[in-house]
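In what follows, a structure is listed as structure tokens, so that the remarks can point back to it.
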There are 4 protein chains.
Amino acid sequence: MPLPKFPCCPLAESQAKRERRKEARPGELLAAALDLFVEKGFAATRAEEVAARAGVSKGTLFLYFGSKEELFKAVVRENISGRFTEWEAELNNFTGTTPEMLAYAMRSWWERVGMTKASGITKLMMSEARNFPEIASFYQAEVILPGHQLIRRILERGIERGEFRVLDLDHAVYSVIAPMIFLMMWKHSVGACAPASFDMQPDLFITQQIELLLNGLTGKAERAVTRPPLSSQP
Amino acid sequence: MPLPKFPCCPLAESQAKRERRKEARPGELLAAALDLFVEKGFAATRAEEVAARAGVSKGTLFLYFGSKEELFKAVVRENISGRFTEWEAELNNFTGTTPEMLAYAMRSWWERVGMTKASGITKLMMSEARNFPEIASFYQAEVILPGHQLIRRILERGIERGEFRVLDLDHAVYSVIAPMIFLMMWKHSVGACAPASFDMQPDLFITQQIELLLNGLTGKAERAVTRPPLSSQP
Amino acid sequence: MPLPKFPCCPLAESQAKRERRKEARPGELLAAALDLFVEKGFAATRAEEVAARAGVSKGTLFLYFGSKEELFKAVVRENISGRFTEWEAELNNFTGTTPEMLAYAMRSWWERVGMTKASGITKLMMSEARNFPEIASFYQAEVILPGHQLIRRILERGIERGEFRVLDLDHAVYSVIAPMIFLMMWKHSVGACAPASFDMQPDLFITQQIELLLNGLTGKAERAVTRPPLSSQP
Amino acid sequence: MPLPKFPCCPLAESQAKRERRKEARPGELLAAALDLFVEKGFAATRAEEVAARAGVSKGTLFLYFGSKEELFKAVVRENISGRFTEWEAELNNFTGTTPEMLAYAMRSWWERVGMTKASGITKLMMSEARNFPEIASFYQAEVILPGHQLIRRILERGIERGEFRVLDLDHAVYSVIAPMIFLMMWKHSVGACAPASFDMQPDLFITQQIELLLNGLTGKAERAVTRPPLSSQP
DNA sequence: AATGAATGAGCTTTCATTCAT
DNA sequence: CATGAATGAAAGCTCATTCAT
């Protein structure tokens, strides 16, 4: 029941700055929380720190998220969003070979997830799953399961079309996923405090990983390694 | 409270048992701590819990480890142990083909590390590295670096002998390591609270992963997949 | 958000309503505060709740009352009002016997105070007096003392006229007051959450209490018990 | 599973002081909490204050009581204890007249409850019942109900023996109880911060109240007023 | 005047650490 | 050596109060 606002006097705009901030707050807080949770873990991150990084006071944090745990859940949910439907559509329209398709999937995963802050969520879940079983199962349903199915469909297509040999699909899915998970974990742990000696160039890794996945260590190098511009969906 | 029925000071026997326990203490504490740190993370593990699981009182824990952080460091150190020299020797004496050698290395890794509690250490490091940079770099020096070099040597052997094609060694090493790291993380996070639908059989995964690593998705299935009993290797 | 359909500044009518509300505000706030303070105590009542119940925002509350404590004081002051002079006049004009006078006083107390929300103030004072000594002594001066004197005068009249026997006046006053205080406390505490088994009918209690006060447990029931309509008294 | 203690070396005694303190702690804390809760109410009492008054630190309080609310509940329970069975037995053996019996009951109530710190519990319950409905109903079952029945039995005896006239028992019980409740409330609120002008001498009040209850304002003073030594149970 | 977003002091509760026994 | 009662710093959370709009 808000009292009617009279727009005659030019209040319309003046209300705006604060309003805009109010709408931006949750996002700023979630971003700050993601950073810190990824960096230090849930327990070691103090609520006040999150608030400070978002440029607000402790109290404000609790205005938007009822508790630290709710904040955690929100961080996970926020960064999950059904990217999968969009993705699946893209792949359904894919007309190239299945090796190209797999390569495309892995590269665009890197660009859209691995490379971004969203990758921190995986680190977070891996580190904290046991402390938040409820969230963990939510994550499984929303991320892991759809991800598996997406990869599985690619592999099935390859097998159907005679491009891939027949193998245990369930575990093959893990073989495709493993290097991605690894990359995210590495980036947010060792990678974040490693000396240059352990420097890894993720897209080089991804590229070669695709190559190996397709042709193996004993195979002969294929043209696939020469990476086509990522956006040139064939 | 009945009076204790022990004559005045016949400690001989009981002293002995206690003596034995005394020497076992640190080990029991470290084992308990490993379990709990892996399960819940460093911050969420309470010192008292560790003590309780080791069957001693809170005070005793601090008798052996000056602080919770020292306990953490000790846990990491304890579970690292230079298994690498022994391992390297084993591989130096290896006479089979390099694909066989790689398969052997990965399978024995699974048996000696992946399958055991020691795998928890990796999960721990990945989760906590940024909170314990000192320990993390120690871990890098003692585990990651030697591990890399071991794998690297195998790959070099394969290339030298013409069994593997030429590729960027540094990143190929990561491709070998990634599924192992992934397996440990998975086992100690999602795997520990996953519904049966995500059940993964690690040795099936390892076996197929070796196969894929060698021959790729497009290769033809090789004999290597029929896994010889793990212990029958030279 | 449709644009407001008000022409530029036709505030005339709406201003008026707001004006009226503005003057009602403090009263609405005090009423809401009385309810909540009585129900939950001073400390457990949140300023925002008071505001909400009065239909205004938190900020507005502090526009009218500088602090929660001031609000409390205002609530007490507001609900005390010198009903005593009016009351005393009434009794001065009383022409019946003193037992009738006492009965009348107690019954009209029940109707004018005990039965109404004002009774909550006593509960409030009893519960919070030690946290608000300043207010407590104000309450004593404005309520307790005049109340005592009023009762005392009745008793004195009874003694003078030979209707009551001689006794320690100060403590006799308490004997008259006690059941009234009790009734208010009971109603606002146990009575507010008691099962039916403790249901008490206040006017039955009052009636019988008057009877007992006059004639005691050992006396014979007097006509006084047949209660005349309360308002038919002079 | 405590390790056996060897009493040969004279440890038996040395353990004692701390042990004794440990056993005394809960009691000391409850006493401190009772005082403060009665004085300031539940919400306005800080846990640290309670601890300080009991001579321990904040942390220690939570070693014995899991939360402030549990402490509150323990305070109420602790001070309730089935004093009623003992009391009832006493009255069953009573051989005097029922007026004497009632007088005895009220006076011994004053000595055993009203006069002691236990009276604070009633003030506490009256003030906080609405905030602790669970505790309130516990209090009703354990204190109010038995108390009512005890009084009721006395009144019934009086009526049966023709010493009291017939009246509505349920409300008569309240008439007996009211001055006692009043006394406790008064003592712990106004009484605790009143100027001397409101000084009330509780046993004088009790004595005269008994007299009034028995004979009423219009009755003639009985001998009962000359109060016999309280312990001389007739 | 009214609003409600923002603040931060203050309180409860936890837990690593100490130390008397 | 071992214990576990005691401690108090630190963290989560609440809510009276402020102030830009």
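Order of the sequence lines fixes the chain letters, A, B, ..., with proteins taken first and strands second; residue numbering starts at 1 for each chain.
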Quick check: does any side chain N or O of A/H188 sit under 3.5 Å from a backbone N or O of A/K123, one acting as donor and the other as acceptor?
no

Stacked cation flag B/K68 on B/F42, 6.0 angstrom / 45 deg:
yes

Send over the distance from A/L71 CG to F/dA11 C1', rounded to a whole Å.
15 Å

When the nearest nucleotide of DNA chain E is assigned to A/G59 and to B/K68 on a heavy-atom basis, which residue is associated with the more 5' position?
A/G59

Below 4.5 Å, heavy atoms only, C-beta onward: do A/N79 and A/L124 meet side chain to side chain?
no

Partner lookup for E/dA20, please. Criteria are Watson-Crick or G-U wobble with both distances under 3.5 angstrom; report none if nothing qualifies.
F/dT3

Quick check on F/dA2: is either OP1 or OP2 less than 4.0 Å from any side-chain nitrogen or oxygen of B/T60?
no

Quick test of your reading of the model: are B/E28 and B/R53 salt-bridged, counting only N-O distances below 4.0 Å?
no

Measure from CZ on C/F72 to C1' on F/dA16 and round the result to the nearest Å.
16 Å

Watson-Crick or G-U wobble partner of E/dA1, both distances under 3.5 Å:
none

Taking 4.0 Å as the cut-off, does a side-chain nitrogen or oxygen of B/K58 come that near to OP1 or OP2 on F/dG4?
no

To the nearest Å, how far apart are A/E28 CD and E/dA5 P?
15 Å

Rounded to whole Å, the CD-P distance (A/E49 to F/dG12) equals 9 Å

Base, sugar-phosphate or nothing for C/F65? Non-hydrogen atoms, less than 4.0 Å.
nothing

Return the pairing partner of F/dA11 with a 3.5 Å limit on both distances, Watson-Crick or G-U wobble; otherwise return none.
E/dT12

Here the distance between atom C1' of E/dG4 and atom CG of A/L63, to the nearest Å, is 9 Å

Do the side chains of A/E69 and A/I135 get nearer than 4.5 Å, heavy atoms only?
no

Toward the 5' end of DNA chain F, by each residue's nearest nucleotide, A/R46 or C/E48:
A/R46

Tell me: CD of B/E69 to C1' of E/dC15, nearest whole Å?
16 Å

Closer to the 5' end of DNA chain F via nearest nucleotide, is it C/G66 or A/A47?
A/A47

Does C/Y64 make a side-chain N or O approach to OP1 or OP2 of E/dA2 shorter than 4.0 Å?
yes

Protein-nucleotide distance (C/L61, atom CG; F/dT18, atom P), rounded to Å
12 Å

Does D/F42 or B/F62 map to a spot on DNA chain E nearer the 5' end, using the closest nucleotide for each?
D/F42

